[in-house]
Each structure stands twice: as structure tokens, then as C-alpha cells.
*Asks:* 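After the C-alpha cells below, expect a handful of questions from me.
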Amino acid sequence: MDVRSVIGGLSPLERKVLPLMEKHTSQSDLIAHAGLKDVEVMRAIQWLSNKDILTIKDDERDEVVLDENGLLYLKEGLPEKRFLRALASGPRSLAALEKEGLSREEVMSSLGVLKGKLLIALEKKGDVQEASITEQGRAYLKKDSLEEVFLKKKFPILKSALAPEEKFAFDSLLRRKRIIRQEKQKDKEIHLTSLGKELMHHKALLQEESIERLSRDILLSGSWKGKNFRTYDVEVQVPKISGGRKHFDNEAIQYIRRIWLDMGFSEMTGNIVQTAFWDLDALFVPQDHPAREMQDTFYLKKPKNGKVPQKLLRSIKEVHENGSKTGSRGWRIPFSEEVSKKLLLRTHTTVLSAQTIAGLKKSNLPAKFFSVGKVFRNEATDWKHDFELYQVEGIVVDPDANLSHLKGYLKEFYRKMGFTDIRMRPGHFPYTEPSMEIDVYNPKRKVWIELGGSGIFRPEVVIPLLGEDIPVLAWGQGMGRIMMAYYGLKDIREIYKNDLEELRAKKVWFMKEEEYGKHPGE
Amino acid sequence: MANILVSKKAVVKLVGKMDEKELVQKVSSLGTPLESIEGDVLTIEINPNRPDLLSEQGFLRAFSALTGKTPGLKEYVVQKSGTFCKVEKTLKIWPFVVCAIVKGLSFDEERVRDVIQVQEKLGMTLCRNRKKGGIGIYPLDKIVPPITFTTMPANDIRFTPLEYPKEITGGDILEVHPTGRKYGHILADQKEFPVFLDSKGTIMSMPPIINSHVVGKIDEQTKDIFIEATGPDLETLKSALQMLCAMFGDMGGTIFSVDIRYKEKMIVTPDMTPKSMKIEKKYVESRIGMKITEEVFGKSLSRMGHSYKNGIVLYPAYRTDILHQVDFVEEFAIGFGYENIPAIISRVATVGHEDPVEVLKEKLRDVLTGLGLLETKRYALESDLLQNRRMLLDESLVELENSWSEDRCVLRRWMIPSLLAILEENKHHEYPQRIFELGTTFSPMASEVLEEESLVIALASSEEDFTRIKQHVVALVESLGLMCQTKKVKHPSFIEGRCAEIVVDKKVVGMLGEMHPQVLTNFNLTVPVAVAEIRVKKLLDQL
């Protein structure tokens with residue numbers, strides 16, 4: 001490897017720590033000598049290791065440190081020495097010794113040690129034990145014992161580095177109360193690799209100044225000229241950042257709106273709370289249709305009833321009852337105006353289509369409309385059913401519109417949504433004839449996704465609203481399943497989960513149009 | 001929607017061997033999605049417009065025609081039985097009756113079960129849970145015609161209902177029998193209940209609730225049957241009877257008519273005569289979007305079980321879904337095959353227009369995300385707890401009649417509570433949390449609901465205060481080229497003296513401020529939260 005380029009990539013910390021490696025081979029040593037913060041040294045070692053300049057090995061060892069009595073005796077001397085010193089001016093009773101600053105415990109422990117080494121003699125005088133110093137004792141007072149020498153060493157001491165005579169003192173002191181103790185010390189053994197050793201031959205390069213951050217000063221002074229920039233490890237992971245984001249569901253909705261706008265459709269908006277008249281009656285849903293029941297539709301308690309346009313109500317009532325002038329037989333069941341007034345949460349955005357058609361004049365035709373809006377279903381929720389969902393709605397009101405066009409528009413829409421394998425099959429809705437169901441194939445999961453219905457509005461729907469039987473292509477499709485496929489959701493209710501971390505991390509809606517440039521349906 | 005079970009062998013006999021994907025495709029091409037295949041059993045979904053397909057016989061009849069095996073109108077001959085049903089006394093709510101006899105059938109265990117299922121499914125769908133009619137089938141050898149349809153006082157009725165150990169009264173049936181309990185509401189408040197009696201005076205059944213276990217239960221020995229349908233809707237009854245007779249006819253039975261002797265008139269049922277309708281090929285062509293030859297037209301309709309000649313189509317009597325010639329557009333399309341219809345886009349141009357509120361909403365999103373805010377999305381259905389009580393309010397809300405949950409029983413009147421709920425759910429995540437949402441708010445009026453698109457912003461962290469939220473609102477309003485002012489106002493959900501109305505060109509468009517500590521505590525929040533809520537339409541009106 002090119003030494004120069006390796007050194008060029010070293011940070012200032014690494015440059016400081018690396019030369020110390022000649023003398024020091026443990027992390028603790030490096031920390032002690034680098035003159036940097038502990039974490040800075042540790043970080044530098046880690047970086048150097050990442051670059052294969054050194055190796056790190058965990059190292060665990062025993063250290064000897066002074067305990068509380070050890071610290072005390074270092075100052076005052078060992079008790080046996082003090083005992084002996086007290087006897088230097090003449091024999092003393094043991095009780096008298098206790099008055100010379102030795103505790104009873106120290107007196108008793110020193111007694112054994114001193115007698116064993118023949119440094120004192122004991123004599124019974126009446127009831128009292130009297131101690132006196134021997135000749136060996138006097139000699140002993142003049143020099144430091146092995147233990148004392150040991151205590152005066154610089155702690156902590158590496159246990160494995162003790163000399164044999166130190167080992168003797170260590171053993172003897174360890175047996176005594178709280179003079180010394182052993183501690184397990186964790187450290188890191190650090191060795192240069194062959195690359196590291198090679199870098200040591202180029203210490204001059206390590207000394208060379210390299211620019212870290214480009215700054216205003218550097219730019220103004222031009223001091224960067226002739227200098228090297230520290231090179232970065234461009235492959236290293238960087239901390240994640242995030243900014244403001246639109247909700248992923250809304251991103252998709254904007255994309256869908258764009259598709260219809262591009263195809264010349266105008267946007268329909270309207271109320272979510274609607275009367276049963278607009279949501280169902282106007283769409284020729286018979287008043288005894290099972291979908292009207294409480295378990296499918298949310299009805300309002302407050303307010304309960306809404307306003308219904310009277311003239312239109314009369315003509316729609318007639319169409320339901322007997323077909324009126326539409327050429328139909330009608331449903332032939334009684335029609336209740338009370339049922340029409342009930343307020344509900346729209347069950348489909350097709351209600352907007354009905355209202356839009358009612359507002360059209362013949363001179364407006366042909367006309368095309370779309371909406372992307374919320375609809376409500378009063379049904380048990382599970383991974384693929386929710387009680388609030390978006391429906392993509394569209395109508396084409398055109399005397400020349402037909403089923404081929406319906407297939408054409410929907411095929412184009414789903415192509416732009418990324419689906420090329422589209423299946424259209426017969427279906428049933430009370431307000432369309434013919435009716436058509438659309439499925440798209442999800443090649444990743446190898447399943448057909450049912451997206452919902454379409455068709456041409458029945459004359460029983462169109463004639464009362466528009467005045468004559470003009471074909472109206474219509475569709476209303478759920479978006480949830482497509483969202484799930486695109487964003488990899490396992491549950492449709494995740495759209496409304498609002499976990500802020502997840503919202504930040506969601507991918508954007510991006511659709512690459514397949515076969516871009518080819519005009520469809522030709 | 002109802003599912004039926006059909007033998008895979010029977011279907012394969014019609015279409016030949018094919019793999020699963022093709023089979024799904026083929027069966028679905030009738031408008032009857034194949035839901036699942038398990039061994040020899042196909043589960044097929046039947047749309048509510050086609051109750052005539054609710055039996056295996058009905059489905060196979062239609063499917064066989066579609067495959068081209070047996071195209072065209074299937075005729076059913078009805079012979080005279082010579083017997084009658086006398087209509088003696090009827091309830092106002094249950095006035096009509098139709099009957100038929102079918103002879104020469106053979107039943108096995110499976111077929112008996114099929115017949116019971118068809119009865120149930122027709123009762124559920126065509127008869128709307130028996131509200132529009134009820135059906136009864138009897139082994140003919142157990143009863144002695146002629147039959148009488150009359151009413152009796154509830155407690156004078158005594159017979160053993162189906163699958164019940166002993167004789168009980170009509171009143172008891174509604175109390176103790178499971179079927180009685182399920183459908184008893186139809187006869188609620190009636191002193192007398194309808195009954196069928198045979199010529200010996202034996203009680204055959206108590207329609208529309210239940211048959212007699214003794215004389216009203218078909219089994220593997222049954223060869224000939226008596227069928228009746230009663231109820232308030234004569235058209236529905238006639239259709240149900242036609243569907244059943246066609247089904248038994250397909251099983252190999254011979255159909256016989258019964259005279260129904262009402263006091264003032266007599267009708268003969270069943271009437272299996274095909275119905276006819278005038279149809280213009282041009283109309284169908286214009287709706288489909290292609291030229292159709294006379295031959296293709298006739299052939300496609302015959303594949304749907306119809307017969308077409310010279311502008312007249314004959315169709316089965318039981319096709320209750322045909323209301324208008326437009327229905328034959330779909331019949332043609334299915335017979336022709338949806339997949340054979342081209343997909344084209346009209347070359348006539350129209351100009352698309354966007355809703356200005358939607359345009360503005362998207363601009364607001366752009367500005368707010370640029371300020372580093374995260375967009376959230378919550379349900380419009382919420383609770384009084386969130387909307388009022390936690391906010392220290394008691395405002396009138398739009399309430400649902402039939403919500404399944406207390407958490408989802410009102411529509412949100414404002415959206416600040418929604419964002420506080422989101423902050424509560426995200427307490428475990430890092431702060432600052434700066435979020436916004438666009439959605440619809442709902443206020444109750446006398447006989448309507450005022451719906452307004454609303455923008456709400458919430459800033460949550462130890463740094464957030466009145467100044468911070470005002471900075472955001474000012475930046476937003478000024479980005480639209482408008483001037484933003486704020487005017488002090490009091491509101492129970494906010495800290496007093498830190499709440500203001502947002503005023504744009506002298507019009508109040510919203511409010512902003514610091515949430516009251518009690519409100520924060522109610523949402524289990526331990527950081528300050530500053531919020532703003534703006535009515536998008538009011539802002540648009542200033543532009």
C-alpha cells in the first residue's frame with residue numbers, strides 16, 4: 001500500500017498517537033503519555049486499527065494496590081516497628097505499650113511477628129508480662145524490612161512483574177489486614193502491524209501539516225496552497241439525518257391527481273357527510289339494498305336528517321318505483337322520502353359524480369371529472385379493511401363514450417400506476433350497466449389485487465340527473481391495496497399509524513412509467 | 001354477497017381440463033368470481049343481482065350456455081296438476097301465495113342438503129332475509145291436496161316444527177325455536193299467524209317461519225314435492241318459484257302448476273313462460289364501442305341463455321335483474337367476453353382543472369416541509385374524550401348513530417387534539433417533534449354539517465413556545481404574499497395570555513398559542529407544545 005496515501009488519511013489524533021507506539025504497547029500507557037483525553041486516544045487507536053495499522057488485543061492482568069492500612073502504615077510505619085521502637089528506651093509492660101499509640105490489636109499481632117524473629121524477649125514480672133528488645137531487635141530497628149521496602153514502592157504494581165524477594169513481602173502483607181489488595185485490571189495490548197511498522201519509517205510525513213476542515217480563514221489567506229488535505233474514508237457509514245416530509249399516502253394521492261389532470265379530467269370535491277338521497281337513492285340503489293343497513297353504513301345521530309332537493313327527489317322516487325320515463329321497470333318497491341333524508345358518511349365518492357352530473361348542462365359536454373377522496377365503511381377492520389379509506393373516482397360524460405373507452409382510461413391509469421397486467425371482468429353494482437371489476441397483477445407477490453368497480457351509469461341514474469340518457473363512464477376504486485404493495489405495508493391500517501420515526505424513513509413515491517413514449521390503446 | 005359450492009368435476013365436464021389459473025379466469029368470466037378450489041369443491045361468489053345462480057343447477061345452466069355447450073333459451077314445460085291452493089284468510093302484512101308441484105325427482109343426502117341451502121340463500125338475498133317472502137318445500141306423499149292458506153290464532157296452532165322434539169304452539173315457536181327467534185320479528189304484533197293446511201286439516205307449516213317436522217321435511221325417499229312461497233311482494237314470490245322450478249326441472253323433475261284461488265281472482269303458478277324485450281342492436285353497439293354483426297349479436301346473447309330474433313330478445317322468466325334494455329348491453333358483453341372488447345382512449349380533448357383548495361393545500365405542504373415539519377395523517381372519526389374532555393371543552397360535535405367503538409363515535413371538530421394524540425403516541429421518540437396535518441373538520445348545524453378543510457401545526461420540545469409557533473405561522477402566511485397579524489384571545493385549552501387569533505387582512509383565519517399544562521397532562525405529555533390551526537378556505541379567500 002502507498003504509505004503516503006495512508007498517512008494522508010490519518011486524522012490529527014491518529015498522527016499524535018501513532019508515534020508513541022514505539023515506546024508504549026498498552027492503551028493505558030498510551031493514555032498516560034499522549035497528553036490527550038482518554039476518549040481521544042481510544043478513538044485514535046480504534047481508527048488506526050480499522051486501517052490495519054495496529055492490532056488491539058484485550059489484556060487482563062492483576063495489579064497490586066495499597067489498601068487503607070497500607071496507606072496509614074506508609075506514613076506511620078508498620079506496627080511491629082513502632083512496637084520495637086517503643087522498647088528501645090527500656091522494657092515495657094504490654095499494657096503500657098497500648099498507651100504509646102498502639103492499639104490492642106496491633107500489640108497482639110506485632111507480638112507474634114517480633115517473637116518469631118527473636119527481636120524481643122518476654123518476661124513475667126509478677127502478674128505482668130514485660131517485653132524487652134533483643135540485640136537482633138536493635139539491629140532490626142536500623143534498617144527497613146522487606147515489607148517496608150515493598151510499601152514504599154510506587155503503586156499500582158503489576159503482579160506478574162514482582163521480583164522473588166518482593167513476592168515474599170507481597171505474600172506476607174497480603175495475609176495481614178487491609179494493607180494491600182489485588183485488582184483485576186483491564187487494558188488493551190496494542191501492536192503495530194507490518195503496515196504500522198512501515199509508517200514508523202516515515203515519521204516526517206506524520207509531522208507534515210495537513211488541512212482538516214476548510215475554513216473561512218484558510219480560504220481568505222489562501223494558506224491551503226501547497227498543503228495536503230487530509231483524505232477521508234469515503235466508505236465509512238455516516239449518521240442518519242432527516243428533514244420535513246409529506247405523508248407518504250398524500251404523496252401517492254398527488255401522483256394520482258396528476259395522472260387524471262394530465263388526461264384532461266377536472267377535480268370534483270364535496271362533502272363527506274351526505275344524505276342517503278345523494279349517496280344511494282340518486283344512484284338507483286334500491287331502498288331495501290343490504291348495503292344500506294347499519295352494519296355497512298355510518299349514519300349520523302346529530303344532526304340526523306339533511307336537506308334534499310325536492311324536485312329531484314320526486315323524479316328519483318318515481319324512477320325507483322316504476323322507472324318513470326327511463327324505459328326501465330324500476331325496482332317496484334315503495335320509496336320512502338324519510339329514508340332519503342338520513343345523513344350518513346359517504347360510502348363512496350360516486351356521490352360526488354352524481355352531484356356533478358346533476359350540475360352539468362348539455363353545452364358542457366363532453367366532460368371528464370375525477371376525485372380522490374375519503375369514504376367510510378362501517379365494517380370490522382382487519383389487515384386489508386379499514387373504516388376510512390380513499391377512493392379514486394372518475395366519470396366521463398360524453399355522448400360517444402362507451403365500454404371500450406372505459407377499458408382504455410382504466411388501462412392507462414393503471415399503467416401509470418406501474419401495473420401492466422390488468423384484468424377486467426364482469427361485476428355488479430346497482431348503478432352501472434354494464435359493470436366491470438378491475439384486478440391488477442402484483443408480479444412481486446404473484447397475486448391479483450382486486451381494486452374495485454367501474455361501469456356505465458344506468459339510464460335510471462343519468463336521466464333524472466342530466467335530463468337525457470347520455471353514457472357516463474364511471475369508476476370508483478380503492479387505493480389501499482396499491483399503497484400496501486408499494487410501501488410494503490402488511491396492514492392497511494399502518495397508513496394511519498403516525499409513528500414519526502417511520503414517517504421520516506419512508507421512501508418517496510416514485511413511479512417510472514413503463515413503455516414511456518408509446519401512446520396507449522393503438 | 002353469497003357463495004355457493006359447485007362440483008369441480010361438473011365444471012370441468014363443460015370446459016375441459018385446464019390449470020387453476022385458467023379455471024379461475026373462465027369461471028370469473030361469467031361475473032361469478034371463483035373464490036377457492038378445495039379438492040372437488042369450487043367456492044363461487046354470486047352477486048346479489050343473480051339469485052337464479054344460487055344453486056349448483058342454476059350456476060351450471062348459465063355456465064354451460066356461456067361455454068357454448070348448451071346455448072340459447074332453456075324452455076321449461078309446465079303441466080296442469082289439477083289441484084289448487086285456496087286462499088282463505090291472510091294477514092295484511094303477508095297477503096300473497098304462489099305454489100308449484102314437481103314430480104319424478106330423486107334425492108340423496110347431498111341433494112337434500114343442497115335444496116335446504118338454496119331455500120336459505122334465496123330467503124336471505126332475493127327475499128331480503130324473508131322480509132319480502134318465505135319459501136316452503138314439502139314431500140307430496142305426506143300431504144293431501146288441495147291445500148288451504150289461512151290464518152289461525154297463535155296459540156291454536158299446534159304442530160312439531162322442523163328439528164324439534166315435540167308439538168308446540170305457534171306462540172311458543174317464536175319463543176323457543178331457533179328459527180322462530182330469528183324471524184319472529186316479521187310476525188310481531190300479529191294475533192293470528194299464517195298457516196298451510198292440507199285437505200285433512202294437517203298443519204303443514206307456519207310461514208314464513210317454519211315447516212312441520214312431520215309433513216314438511218324432504219328426505220332421500222322423497223320423489224314428488226310441493227313448493228310454496230308466501231309474502232308481501234308477489235313479484236318476488238313468482239321469481240323465487242320460477243328459480244326453484246327451473247332448478248328442480250334441471251334435476252330431472254316434471255313441473256306441474258297449481259291454481260291459486262284468491263277470493264276475488266284466480267292465478268296459475270308457476271309461469272315459466274320466457275319474458276321478452278325490444279332491443280336495438282345500435283344501442284348496444286354504441287354502449288360497447290364496436291360494430292357487431294347480427295350473427296355475433298345473437299350468438300353472444302344465446303351464450304347468456306337468451307334467444308334473439310329481429311330486435312326481440314326472449315329471456316328466462318326468473319331473470320329478475322333485467323329492468324331495461326341496457327341490461328342486455330352487459331349480457332352481450334359477458335357473452336362476447338370482456339377480454340374481447342378493445343381498450344381505447346377517446347381522442348376528443350378536454351381541459352383538466354384542479355380544485356383551488358387542493359392546490360393551496362399542496363403549497364402549504366411544500367412550505368411546511370421546507371420548514372422541517374413532518375406531515376401526519378389521522379382518522380376523521382374520533383372521540384368526545386379527545387375532542388372535548390381532554391381539551392377542557394364541552395362543544396357540540398357531529399355524532400354517529402352506529403359506531404362500533406366509543407373511540408370512533410364523533411367526527412373531529414378541530415384537529416389540534418388529533419396532533420396532541422399523535423404526540424402522545426410518539427412520546428418514546430426523540431424531540432423536537434414538529435408535525436402538521438391537513439384534513440377535514442366537521443361542525444354540526446341544524447340540518448347539515450359544516451365541513452372545512454383545516455391545517456394544524458404542533459411543535460413539541462423544551463424549546464417550543466408562543467414565539468416559535470408564531471414564527472412558523474408568519475413564515476407560512478407571508479410565503480403566500482399575505483400579511484399576518486395576531487390578536488389576543490381567551491381559550492380554555494391554552495395558557496391565558498399566550499393564545500391568539502390569526503388575522504389576515506382583518507379576517508380571522510385561525511388561532512395559535514401554547515397548550516395549557518392541564519391539557520398536556522391529559523395527553524401525558526411532559527414537554528411544552530405550541531400549536532396553530534388554520535381554516536384553509538379562509539386563507540384561500542384572502543388570496
Side-chain angles (χ1 to χ4, degrees), chain A residues 243-247 249-250 254 261 264-267 269 271-273 288 294 298-303 305-307 327-329 332 366-368 378 388 398 400 402-405 407-409 411-412 424-428 433-436 456 458-459 471 496 498-501 503-504 520-521, chain B residues 28-29 31 47 49 128 235 286-290 323-324 326-327 329-330 333-334 338 341-346 348-355 358 362 365 368-381 398-402 422 425-426 429 433 440 442 444 446-449 451:
Chain A
R245 284 288 302 273
K246 294 179 191 181
H247 193 278
D249 199 38
N250 290 344
Q254 290 306 317
L261 288 163
F265 285 68
S266 289
E267 189 160 29
T269 53
N271 282 355
I272 286 173
V273 174
D288 68 348
M294 299 279 265
F298 284 115
Y299 288 96
L300 260 56
K301 182 157 88 188
K302 195 178 90 181
N305 292 315
K307 289 179 210 144
S328 169
R329 300 169 67 240
R332 305 199 169 198
K368 303 190 292 205
N378 190 5
E388 290 189 32
D398 177 359
D400 294 325
N402 55 52
L403 195 60
S404 299
H405 293 161
K407 283 186 76 171
Y409 284 119
K411 205 173 151 191
E412 178 62 8
M424 306 196 183
R425 56 186 167 85
H428 165 71
E433 193 74 23
S435 304
M436 187 165 79
I456 305 177
R458 297 187 65 96
Y496 293 91
N498 291 312
D499 182 292
L500 300 185
E501 297 286 296
L503 286 181
R504 277 193 194 104
Chain B
S28 304
S29 70
N47 283 324
N49 61 327
R128 303 277 198 256
E235 292 248 353
S286 75
R287 292 278 157 147
I288 299 289
M290 54 186 262
L323 305 178
H324 187 280
V326 75
D327 291 297
V329 176
E330 184 175 273
I334 299 174
Y338 273 49
I341 294 165
I344 52 177
I345 284 183
S346 165
V348 178
T350 53
V351 178
H353 302 280
E354 278 182 90
D355 184 275
E358 293 302 313
E362 188 60 7
R365 280 190 191 104
L368 290 170
T369 51
L371 288 170
L373 273 61
L374 197 57
E375 188 181 19
T376 61
K377 197 163 197 172
R378 252 179 88 88
Y379 296 114
L381 290 184
V398 177
E399 292 171 32
L400 294 185
E401 171 80 54
N402 54 334
I422 291 174
E425 286 158 13
N426 281 279
H429 287 319
Q433 294 177 0
T440 312
F442 304 80
S447 60
E448 60 183 324
V449 171
E451 293 183 25

*Asks:* Is the shortest heavy-atom distance from the side chain of B:Ile345 to the side chain of A:Tyr409 under 4.5 Å?
*Replies:* yes
*Asks:* Is there a donor-acceptor pair under 3.5 Å between the side chain of A:Glu267 and the backbone N or O of B:Asp355?
*Replies:* yes
*Asks:* Do B:Val398 and A:Leu300 make a side-chain contact, defined as non-hydrogen atoms from C-beta onward lying under 4.5 Å apart?
*Replies:* yes
*Asks:* Is it the case that the side chain of A:Ser404 and the backbone of B:Ile341 share a donor-acceptor pair, with hydrogens and angles ignored and the cut-off at 3.5 Å?
*Replies:* no
*Asks:* Could you tell me whether the side chain of A:Leu403 reaches within less than 4.5 Å of the side chain of B:Val329, counting heavy atoms only?
*Replies:* no
*Asks:* Name the region of A:Asp400, side chain, backbone, both or neither, that has any atom closer than 4.5 Å to a heavy atom of chain B.
*Replies:* neither
*Asks:* Can you say whether B:Ala380 sits under 4.5 Å from chain A via the side chain, the backbone, both, or neither, judging by heavy atoms?
*Replies:* both
*Asks:* At a heavy-atom separation under 4.5 Å, does B:Ser286 approach chain A through its side chain, its backbone, both, or neither?
*Replies:* backbone
*Asks:* Name the option with the most non-hydrogen atom pairs under 4.5 Å to chain B; the candidates are A:Arg504, A:Arg332, A:Lys368, A:Glu501.
*Replies:* A:Glu501
*Asks:* Can you say whether B:Ala349 sits under 4.5 Å from chain A via the side chain, the backbone, both, or neither, judging by heavy atoms?
*Replies:* neither
*Asks:* Report yes or no: does B:Glu354 contribute a side-chain atom to a donor-acceptor pair with the main-chain N or O of A:Leu261 at less than 3.5 Å?
*Replies:* no
*Asks:* How many angstroms lie between atom CZ of A:Arg458 and atom CG of B:Leu323, to the nearest 0.5 angstrom?
*Replies:* 5.0 Å
*Asks:* Let's test your reading of the structure: which of A:Thr269, A:Ile456, A:Asn271 forms the most heavy-atom pairs below 4.5 Å with chain B?
*Replies:* A:Asn271
*Asks:* Just checking, is any N or O donor in the side chain of B:Glu425 or A:Asn498 under 3.5 Å from an acceptor N or O on the other one?
*Replies:* no
*Asks:* Can you measure from OG1 (B:Thr376) to CG (A:Asp499) and round to the nearest 0.5 angstrom?
*Replies:* 12.0 Å
*Asks:* Among B:Lys377, B:Glu401, B:His353, which residue has the highest count of heavy-atom pairs closer than 4.5 Å to chain A?
*Replies:* B:Lys377
*Asks:* Does any backbone or side-chain atom of B:Leu373 lie under 4.5 Å from a heavy atom of chain A? Answer side chain, backbone, both or neither.
*Replies:* backbone
*Asks:* Rounded to the nearest 0.5 Å, how far does CD of B:Glu362 lie from CD of A:Gln254?
*Replies:* 3.5 Å
*Asks:* Could you pull out the closest heavy-atom pair between A:Gly427 and B:Asn47, with the gap in Å?
*Replies:* C-ND2, 3.8 Å
*Asks:* What's the separation between atom CG in A:Leu500 and atom NE2 in B:His429, rounded to the nearest 0.5 Å?
*Replies:* 6.5 Å
*Asks:* Shortest non-hydrogen contact from A:Lys411 to B:Ala343?
*Replies:* CD-CB, 3.9 Å
*Asks:* Rounded to the nearest 0.5 Å, what separates atom CG in B:Leu400 from atom OH in A:Tyr299?
*Replies:* 12.5 Å
*Asks:* Check whether any side-chain heavy atom of A:Pro303 lies under 4.5 Å from a side-chain heavy atom of B:Ser447, and answer yes or no.
*Replies:* no
*Asks:* For B:Tyr338 and A:Met424, which heavy atoms make the closest approach, and how far apart are they?
*Replies:* CB-O, 3.7 Å
*Asks:* By a 4.5 Å heavy-atom criterion (distance strictly below it), what part of B:Val351 contacts chain A: side chain, backbone, both, or neither?
*Replies:* backbone
*Asks:* Is there a side-chain contact between A:Asn378 and B:Asn402, using heavy atoms and a 4.5 Å cut-off?
*Replies:* yes
*Asks:* Using atom types as modelled and distance alone, determine if a side-chain donor or acceptor of B:Glu375 lies under 3.5 Å from a backbone N or O of A:Lys246.
*Replies:* no
*Asks:* Is any side-chain heavy atom of A:Val273 closer than 4.5 Å to a side-chain heavy atom of B:Glu448?
*Replies:* no
*Asks:* If every non-hydrogen atom of A:Pro426 is compared with every non-hydrogen atom of B:Ser29, which pair is closest and at what distance?
*Replies:* CG-O, 3.3 Å
*Asks:* Looking at B:Leu381, B:Ile422, B:Thr440, which makes the most heavy-atom pairs under 4.5 Å with chain A?
*Replies:* B:Leu381
*Asks:* Donor-acceptor check, side chain of B:Thr350 to backbone of A:Ala367, threshold 3.5 angstrom: yes or no?
*Replies:* no
*Asks:* When rounded to the nearest 0.5 angstrom, what distance separates OG in A:Ser435 from CG in B:Asn49?
*Replies:* 7.5 Å
*Asks:* So, are A:Glu433 and B:Arg287 salt-bridged, with charged N and O less than 4.0 Å apart?
*Replies:* no
*Asks:* Quick check for you: among A:Glu388, A:Arg425, A:Lys307, which has the greatest number of heavy-atom pairs under 4.5 Å with chain B?
*Replies:* A:Glu388
